Protein chains: 2
Amino acid sequence: MARTGRRRGSPDTREAIVSAARAVFAEHGYDGAAIRAIAARAGVDPALVHHYFGTKEKLFLAVVAAPFDPGEVLPRITGPGTDGFGERLIRALLAVWEDPVRGPAALALLRSALRHDWSARMLREFLTNRVLRRGMQLLEIDPAEAPLRASLVASQIVGLVGIRYALRIEPLASLPVEVVVANVGPTIQRYVTGPLVGRDAVAIAEHLR
Amino acid sequence: MARTGRRRGSPDTREAIVSAARAVFAEHGYDGAAIRAIAARAGVDPALVHHYFGTKEKLFLAVVAAPFDPGEVLPRITGPGTDGFGERLIRALLAVWEDPVRGPAALALLRSALRHDWSARMLREFLTNRVLRRGMQLLEIDPAEAPLRASLVASQIVGLVGIRYALRIEPLASLPVEVVVANVGPTIQRYVTGPLVGRDAVAIAEHLR
DNA sequence: CGAGGAATTCATCTAGCGTTGATTTCAACG
DNA sequence: CGTTGAAATCAACGCTAGATGAATTCCTCG
């Protein structure tokens with residue numbers, strides 16, 4: 001009964017580690033997730049994790065940052081223009097979060113973003129530059145209003161995701177996707193195309209007077 | 001130069017510890033916050049923290065769960081009825097979060113809720129039973145629709161707070177309170193009094209058909 | 001078949017955590 | 001004053017974490 005050394009066959013151990021890490025990170029957040037726990041879940045020695053990924057942070061980035069490429073999905077939902085954008089956005093968003101691979105990864109990222117400066121910065125830059133700014137450009141929103149509209153959209157998105165997938169408050173947590181889309185979509189729509197208060201510094205000063 | 005033993009005068013060390021704990025918990029979340037760090041920030045030996053509070057969890061609860069009593073503020077914002085409720089809610093919410101004591105405490109609670117089951121359960125029950133349900137009752141919302149409306153409201157609230165105070169995405173992060181109120185208030189208003197899709201199971205099934 | 005390298009484990013190091021018990025200093029009270 | 005108890009520190013324990021380096025097994029290719 002050989003306990004040490006290489007295994008027989010060609011088991012995709014690396015993928016097993018990634019998958020285990022995704023689950024444990026999603027469940028416990030960054031520091032909450034122990035490499036030992038990940039290794040155990042993958043049926044593997046903890047040292048092997050370091051052998052493949054070097055450090056815990058690199059493992060996290062490999063697992064979590066990978067499945068996000070807004071470059072493809074963004075044009076698809078902004079393409080048809082500003083009409084019905086709210087519903088399309090929520091639908092696409094929920095598609096990511098219901099996905100068994102990208103959902104947990106996203107949850108892990110959100111969890112750790114609320115704890116680590118480096119992670120929060122990462123998520124903020126990702127959202128701000130790669131998603132929100134580009135989305136507003138594709139929709140041809142007035143650049144003076146775009147940042148405010150974008151951060152309002154972000155607030156509803158983060159909240160929806162937090163309530164439905166992290167805090168799991170009912171009934172939002174187990175509502176069918178299309179019902180969520182129908183209820184939250186209009187909010188997004190209003191943030192994107194509706195009236196704004198304080199579109200820039202001057203307008204804000206005026207509104208406060 | 002005496003290093004050990006009781007200090008001269010009557011310094012309010014306990015309060016110093018509470019205050020330091022609030023800051024560190026808010027910044028790093030529950031496990032991220034080291035008792036040693038809290039003690040250092042309070043200019044005190046780590047053992048003294050245990051002397052006063054016994055355990056880390058008790059310290060957390062003492063620091064974080066204390067400043068929340070919706071019993072007083074809730075009737076005040078639901079009192080004038082359903083008109084303008086959205087703006088009043090956001091205004092009251094931001095008042096809590098801008099407060100130098102309750103703000104960090106709330107942030108600490110939110111941060112740790114995204115990591116610990118016990119903490120998430122705590123926050124969920126607090127929000128669900130003590131805030132949302134009672135608020136809906138005071139507003140005399142149709143009980144069949146109340147839970148869905150409440151969780152939609154919660155989603156916008158959590159998102160706003162997350163973006164503004166945790167993720168700090170601009171411009172929402174540094175917008176004056178009244179501008180936020182004017183922009184987000186209507187969303188709350190719509191969730192409370194606006195049209196709903198799928199108010200109950202039957203309606204949901206119909207909407208999906 | 002033999003050598004080299006990749007895969008895997010083992011034992012161990014170091015650092016930090018929460019917690020504890022003994023010990024010292026100070027304030028209050030008779 | 002002398003005593004008592006609270007306030008505060010010190011030193012240490014036990015635990016768990018991430019990381020490391022050597023050792024072992026297996027696959028691959030010449």
Side-chain angles (χ1 to χ4, degrees), chain A residues 1-25 27-64 108 111-112 115-116 118-119, chain B residues 1-25 27-64 108 111-112 115-116 118-119:
Chain A
M1 175 170 170
R3 315 203 54 203
T4 178
R6 184 172 190 161
R7 291 184 186 169
R8 313 178 177 249
S10 57
D12 198 350
T13 313
R14 189 189 166 100
E15 189 47 41
I17 293 176
V18 166
S19 162
R22 194 153 39 218
V24 179
F25 276 136
E27 194 166 356
H28 298 99
Y30 181 76
D31 322 68
I35 285 203
R36 286 170 155 87
I38 295 173
R41 186 160 182 148
V44 138
D45 188 274
L48 194 58
V49 178
H50 287 93
H51 173 63
Y52 278 121
F53 296 94
T55 165
K56 186 181 181 181
E57 187 172 331
K58 283 183 194 165
L59 171 64
F60 181 75
L61 293 179
V63 159
V64 130
R111 283 212 150 100
S112 96
R115 283 206 61 227
H116 291 282
W118 59 268
S119 186
Chain B
M1 176 168 170
R3 316 203 53 203
T4 177
R6 183 170 188 162
R7 291 183 184 171
R8 314 182 174 240
S10 58
D12 198 349
T13 313
R14 187 189 166 100
E15 188 47 41
I17 293 176
V18 166
S19 162
R22 193 152 41 219
V24 179
F25 275 136
E27 195 166 355
H28 297 100
Y30 181 76
D31 323 66
I35 286 206
R36 287 170 155 89
I38 294 173
R41 187 162 182 146
V44 138
D45 188 275
L48 194 58
V49 177
H50 288 90
H51 173 63
Y52 278 120
F53 297 94
T55 165
K56 186 181 183 182
E57 188 171 332
K58 283 183 192 165
L59 171 64
F60 181 74
L61 294 180
V63 160
V64 130
R111 284 212 150 101
S112 95
R115 274 205 73 216
H116 292 282
W118 59 268
S119 187

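Given the structure is predicted, the values throughout are model-derived calculations rather than measurements. So that the names make sense, note that chain A is the first sequence line, chain B the second, and so on, each numbered from 1.
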Exercise. Listed by chain and number, what are the side chain to side chain contact (heavy atoms under 4.5 Å, CB included) partners of A20(B), not counting sequence neighbours?
Worked result: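 Testing A20(B) for side chain to side chain contact (heavy atoms under 4.5 Å, CB included), a comparison that skips the adjacent residues, returns I38(B), R41(B), A42(B).
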
Got a list of side-chain donor-acceptor pairs under 3.5 Å for residues 45-59 of chain A, not counting sequence neighbours?
from	atom 1	to	atom 2	distance (Å)
D45(A)	OD1	A47(A)	N	2.8
T55(A)	OG1	E57(A)	N	3.4
K56(A)	NZ	Y30(A)	O	3.1
K56(A)	NZ	A33(A)	O	2.8

May I have the distance from [X] (atom [atom1]) to [N] (atom [atom2]), rounded to whole angstrom?
X	N	atom1	atom2	value
D12(B)	dA8(D)	CG	C1'	15 Å
F53(B)	dT20(C)	CZ	P	16 Å
H51(A)	dT25(D)	NE2	P	17 Å
R14(A)	dA7(C)	CZ	P	9 Å
F60(B)	dG18(C)	CZ	P	13 Å
I17(B)	dG18(C)	CD1	C1'	15 Å

For this session: Give the B/S/- string for nucleotides 15-20 of chain D, one per nucleotide from 5' to 3', where a protein heavy atom under 4.0 Å of the base yields B, of only the sugar-phosphate yields S, and otherwise -.
Result: --BBBB

For this session: Find the distance between CZ (R111(A)) and NE2 (H116(A)) and round it off to the nearest 0.5 Å.
Result: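 If we round to the nearest 0.5 Å, R111(A):CZ and H116(A):NE2 are 13.0 Å apart.
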
Exercise. Hey, is the side chain of Y52(B) poking within less than 4.0 Å of OP1 or OP2 on dA6(D), counting only N and O atoms?
Worked result: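 Checking dA6(D) against Y52(B), no side-chain N or O comes under 4.0 Å of OP1 or OP2.
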
Exercise. Counting only side-chain N and O atoms of T13(A), is one of them less than 4.0 Å from OP1 or OP2 of dA7(C)?
Worked result: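 Negative; the distance criterion is not met.
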
Exercise. Is there side-chain contact between V24(A) and E27(A), with heavy atoms separated by less than 4.5 Å?
Worked result: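 No, side chains not in contact.
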
Problem set entry | For S119(B), side chain to side chain donor-acceptor pair (under 3.5 Å) partners two or more places apart |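 For S119(B) the side chain to side chain donor-acceptor pair (under 3.5 Å) partners, ignoring immediate neighbours, are S112(B).
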
Problem set entry | Pairs where residues 28-39 of chain A contributes a residue and the test salt bridge (charged side-chain N to carboxylate O under 4.0 Å, His left out) is met, not counting sequence neighbours |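 Residue pairs passing salt bridge (charged side-chain N to carboxylate O under 4.0 Å, His left out), neighbours aside: D31(A)-R115(A).
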
